[in-house]
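In what follows, a structure is listed as structure tokens, so that the remarks can point back to it.
Because the structure is predicted, anything quoted here is derived from the model rather than measured. Order of the sequence lines fixes the chain letters, A, B, ..., with proteins taken first and strands second; residue numbering starts at 1 for each chain.
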Amino acid sequence: MITKTVNSIQEALEGVSDGMTLLLGGFGLCGIPENAISELVRLGVKDLTCISNNAGVDDFGLGLLLQNRQIKKMVASYVGENDEFERQMLSGELEVELIPQGTLAERCRAAQAGFPAFYTPAGFGTEVAEGKETRAFDGKMYVLEQAVKADFSIVKAWKGDTSGNLIFKGTARNFNPNMCGAANITIAEVEELVPAGELDPNQIHIPGIFVQRIVQGSNYEKRIEQRTTRPQP
Amino acid sequence: MITKTVNSIQEALEGVSDGMTLLLGGFGLCGIPENAISELVRLGVKDLTCISNNAGVDDFGLGLLLQNRQIKKMVASYVGENDEFERQMLSGELEVELIPQGTLAERCRAAQAGFPAFYTPAGFGTEVAEGKETRAFDGKMYVLEQAVKADFSIVKAWKGDTSGNLIFKGTARNFNPNMCGAANITIAEVEELVPAGELDPNQIHIPGIFVQRIVQGSNYEKRIEQRTTRPQP
Amino acid sequence: MLDKFGIAKRIAKEVKNGYYVNLGIGIPTLVANFVRTDIEVEFQSENGILGMGPFPFEGEEDADLINAGKQTITALPGASYFDSATSFSMIRGQHVDLTILGAMEVSEDGDIANWKIPGRMVKGMGGAMDLVASADNIIVAMMHTNKAGASKLLKHCSLPLTGVRCVKKIVTNLAVLDVTKDGFKLLERAPNVSIEQIKAATDGRLVIEGEIPEMI
Amino acid sequence: MLDKFGIAKRIAKEVKNGYYVNLGIGIPTLVANFVRTDIEVEFQSENGILGMGPFPFEGEEDADLINAGKQTITALPGASYFDSATSFSMIRGQHVDLTILGAMEVSEDGDIANWKIPGRMVKGMGGAMDLVASADNIIVAMMHTNKAGASKLLKHCSLPLTGVRCVKKIVTNLAVLDVTKDGFKLLERAPNVSIEQIKAATDGRLVIEGEIPEMI
């Protein structure tokens with residue numbers, strides 16, 4: 001087996017530098033690569049283009065990079081939970097590209113899978129389709145969307161092994177598997193790193209071939225955005 | 001949960017009739033829907049268009065339907081293990097369309113996922129691209145391929161639950177997950193059918209939404225095409 | 001006149017046996033509470049769960065188990081988790097039977113706007129553009145007028161669109177309407193709401209044929 | 001002159017540390033037996049396994065565990081199984097580092113034909129068209145001439161193509177050659193094979209520069 005383990009989040013992020021494009025997994029604060037985001041803040045790399053479904057909240061997730069003015073351009077589908085984001089966007093400090101969520105997921109998968117482009121119905125007749133080719137198939141209109149490839153893809157998994165195989169948990173899976181292999185280098189931080197052979201080969205969500213570096217994460221906060229409960233019966 | 005269980009393979013195949021297009025899972029004889037194929041032979045439905053990676057062997061798998069002259073057209077990627085197939089094809093009795101394996105898998109997935117078409121590099125400059133749109137992206141040439149949708153998709157899984165959730169085993173997975181939901185009705189036969197809730201929601205390969213009917217299979221032969229071993233040490 | 005719970009309750013009647021349903025944020029989320037319990041229905045949330053259950057009991061929240069509104073949820077027996085690409089395969093591939101979502105504006109052609117107010121608010125479309133471009137069966141849940149009292153059922157949408165010619169049915173605090181080729185066809189009045197009130201609150205073309213019953 | 005094992009052994013030297021490798025049916029399958037054991041390599045088979053191991057011991061065959069040649073195999077610790085679409089994501093997305101496959105013909109431009117003889121034999125392309133259209137690093141393993149003694153290294157392929165301008169290196173029973181813009185560049189001779197023999201067996205343009213060493 002090919003060993004993908006690195007010993008620290010510092011080592012995992014080696015090579016990330018100013019002006020790069022990063023894909024970052026997670027939906028809201030669920031399944032985000034917390035260790036890597038902290039390290040990006042510490043590194044102070046700037047002028048980043050960050051592609052992620054959301055932009056975090058003011059004081060967590062990608063919001064930390066926004067507060068720190070490290071992001072030049074944000075590509076996302078929904079950014080409604082972040083005041084600092086809205087301020088930077090409306091003032092023009094931050095470039096923003098909004099993409100339908102399913103299109104974003106598939107543009108990542110297209111890069112992973114070597115498809116340059118695909119037709120999707122999402123966004124036809126809207127701003128999203130402006131400047132893009134549109135086309136009818138079987139009487140319905142579609143928009144041509146292209147693969148989105150990054151310098152680094154940074155994901156968070158539940159379990160991983162030294163060969164880079166990944167298993168995600170619950171809805172913390174979300175964009176993480178689709179972003180693996182959609183960049184020159186894919187970095188996975190995991191809650192539990194085990195030796196190759198300990199994961200059931202039938203239950204692996206992302207085979208190690210899509211991952212270049214895997215690192216044992218620590219101190220996961222896993223902040224909940226909208227704690228919603230019902231009373232005990 | 002929505003119940004997908006039917007009580008017999010007969011009930012599972014209700015509605016399959018002459019002239020229909022069927023997607024059938026499996027790679028060689030590995031992971032083929034044995035019960036459904038037997039029932040198709042018994043039903044005697046004819047003029048079928050069968051889309052499957054291979055065409056079985058002379059006396060097993062889709063070869064049984066070929067022997068019985070039930071197939072009008074075969075769409076596959078590799079058909080090298082079947083003399084009767086070769087005879088019918090070379091004599092013109094059988095229509096044949098050969099498709100690159102990865103393109104076949106993705107055309108199924110495109111139907112499952114609602115993409116009408118995508119660009120792939122496979123087959124550019126070959127017979128496969130004849131009559132199809134070709135196009136350059138980033139200096140490389142690609143062929144436009146369309147989703148392939150069938151009347152019925154017939155797959156085989158290892159475990160399934162009453163809600164239609166499926167788990168496959170080993171390399172018997174192959175095309176089976178990609179064909180689920182790529183037809184008007186998807187039928188899954190499984191080695192072990194359990195009540196909803198018994199499968200770990202994190203380990204389901206195909207969510208039940210892609211399956212309309214699930215049936216407990218029986219008497220799996222699981223014939224091996226190329227038994228290859230090494231001596232005991 | 002209905003409150004948001006009344007709107008949700010009325011929409012719940014549209015949920016049929018065997019339906020997979022995607023519920024948007026806000027009023028649509030409330031619909032789950034009112035669906036008949038004697039039919040088989042599964043809720044999909046586009047962040048990656050099918051078979052979504054009710055909110056967890058206090059103390060049983062799991063940060064790794066949320067819905068698309070980022071709320072903590074539970075999973076019912078028979079649920080499954082999956083990645084975002086697979087989730088939108090369900091939506092785009094029309095495997096989801098019913099989509100219920102909110103809107104800022106709907107036009108008489110069935111266009112919908114719900115993601116952006118130029119210069120003032122841009123939250124993003126999230127999964128809404130994929131949902132409305134794909135679903136055969138889309139119900140909009142919203143107030144008939146906005147906070148300023150202006151109609152949200154228009155001849156043409158004034159805000160940037162989310163999708164074109166896609167909305168099939170609208171349930172508001174005042175009425176139930178189908179989107180037809182002739183315009184908004186009034187089907188039911190909310191309790192104690194007159195046809196005149198509905199006319200006054202509707203800017204787009206309103207089609208009224210025969211007796212319009214009050215919702216039950 | 002090499003036999004099929006000799007060809008496989010020579011190709012095995014091209015397999016580097018950290019490589020993911022896809023092996024075609026026939027001679028390529030044999031390559032696995034000769035790869036150095038002190039480097040980390042994983043074999044992918046396009047029917048859905050990464051981390052493929054050796055053939056099973058007699059009596060331990062599993063019908064649910066085969067390679068693309070339909071042979072029973074084993075999985076090494078750290079292996080994974082996946083569906084066909086994902087398998088070709090690995091291939092098309094250029095995550096597989098090296099592809100080794102057989103051929104009926106290769107042209108001096110790097111075109112390859114290996115799936116069809118019109119009117120006589122049509123086995124199908126299987127995964128070969130995806131592999132050759134995607135891989136950056138493709139090595140062809142084949143005999144230098146066919147059973148009738150005709151060269152398989154041609155100016156132009158006469159059979160229907162599998163892919164265009166894709167083959168980078170060829171290892172035959174007679175020689176190792178690179179496909180360059182000037183034609184087949186001879187790199188090594190098989191043991192006891194003369195340059196004249198190679199010239200005689202090569203129809204396409206052959207580039208011979210300097211001393212051509214015998215393979216070790």
Hey, which of [options] has the most heavy atom pairs under 4.5 Å with chain C?
| options | answer |
| --- | --- |
| A:A172, A:G125, A:P121 | A:P121 |
| A:L98, A:N53, A:N178 | A:N178 |
| A:E127, A:M141, A:R109 | A:E127 |
| A:G123, A:G28, A:G170 | A:G170 |

Flag, side chain of [X] to backbone of [Y], donor-acceptor distance under 3.5 Å:
| X | Y | result |
| --- | --- | --- |
| C:D178 | C:T180 | no |
| C:E58 | A:P231 | no |
| C:S107 | C:D109 | yes |

What part of [X] is in contact with chain A, defined as an atom under 4.5 angstrom from a non-hydrogen atom: side chain, backbone, both or neither?
| X | result |
| --- | --- |
| C:R165 | neither |
| C:D111 | neither |
| C:F57 | both |
| C:V122 | both |

Please find the pair of heavy atoms, one from [X] and one from [Y], that lie closest to each other, and give the distance.
| X | Y | answer |
| --- | --- | --- |
| A:E84 | A:D58 | N-OD1, 2.9 Å |
| A:V128 | A:K132 | O-NZ, 2.9 Å |
| A:N174 | A:T171 | ND2-O, 2.9 Å |

Mind checking whether [X] and [Y] have side chains closer than 4.5 Å, heavy atoms only?
| X | Y | value |
| --- | --- | --- |
| C:M90 | C:Y20 | no |
| A:C108 | A:L23 | yes |
| C:P118 | C:L159 | yes |
| A:V79 | A:N82 | no |
| A:L66 | A:L94 | yes |
| C:L153 | C:I170 | yes |
| C:K168 | C:I139 | no |
| C:L2 | C:M215 | yes |

Please list, in residue-number order, every residue in [range] that has a heavy atom less than 4.5 Å from any heavy atom of chain A; write 'none' if there are none.
| range | result |
| --- | --- |
| residues 92-100 of chain C | C:R92, C:Q94 |
| residues 25-47 of chain C | C:E46, C:N47 |
| residues 74-86 of chain C | C:Y81, C:F82, C:D83, C:S84, C:A85 |

Chain C contact via [X] - side chain, backbone, both or neither, heavy atoms under 4.5 Å:
| X | answer |
| --- | --- |
| A:E97 | neither |
| A:P177 | side chain |
| A:E86 | side chain |
| A:L104 | neither |

Residues A:Q226 and A:T228: side-chain donor-acceptor under 3.5 angstrom
no

Ignoring hydrogens and geometry beyond distance, is a side-chain donor-acceptor pair present between C:S151 and C:H144 at under 3.5 Å?
no

With chain A, which of C:S87, C:G127, C:A113, C:A128 has the greatest number of heavy-atom pairs at distances under 4.5 Å?
C:G127

Looking at C:S89, C:A68, C:G48, which one has more heavy-atom pairs under 4.5 Å with chain A than the rest?
C:A68

Do the ring centers of A:Y142 and A:F124 come within less than 6.0 Å of each other?
no

Sorted by first residue and then second, give each salt bridge (charged side-chain N to carboxylate O under 4.0 Å, His left out) pair with at least one member in residues 135-153 of chain C; sequence neighbours left out.
none

Mutual orientation of the aromatic rings belonging to A:F175 and A:F27 [parallel < 30°, tilted 30-60°, perpendicular > 60°]:
parallel

Lys/Arg-Asp/Glu bridge criterion (N-O < 4.0 Å) met for A:K222, A:E34
no

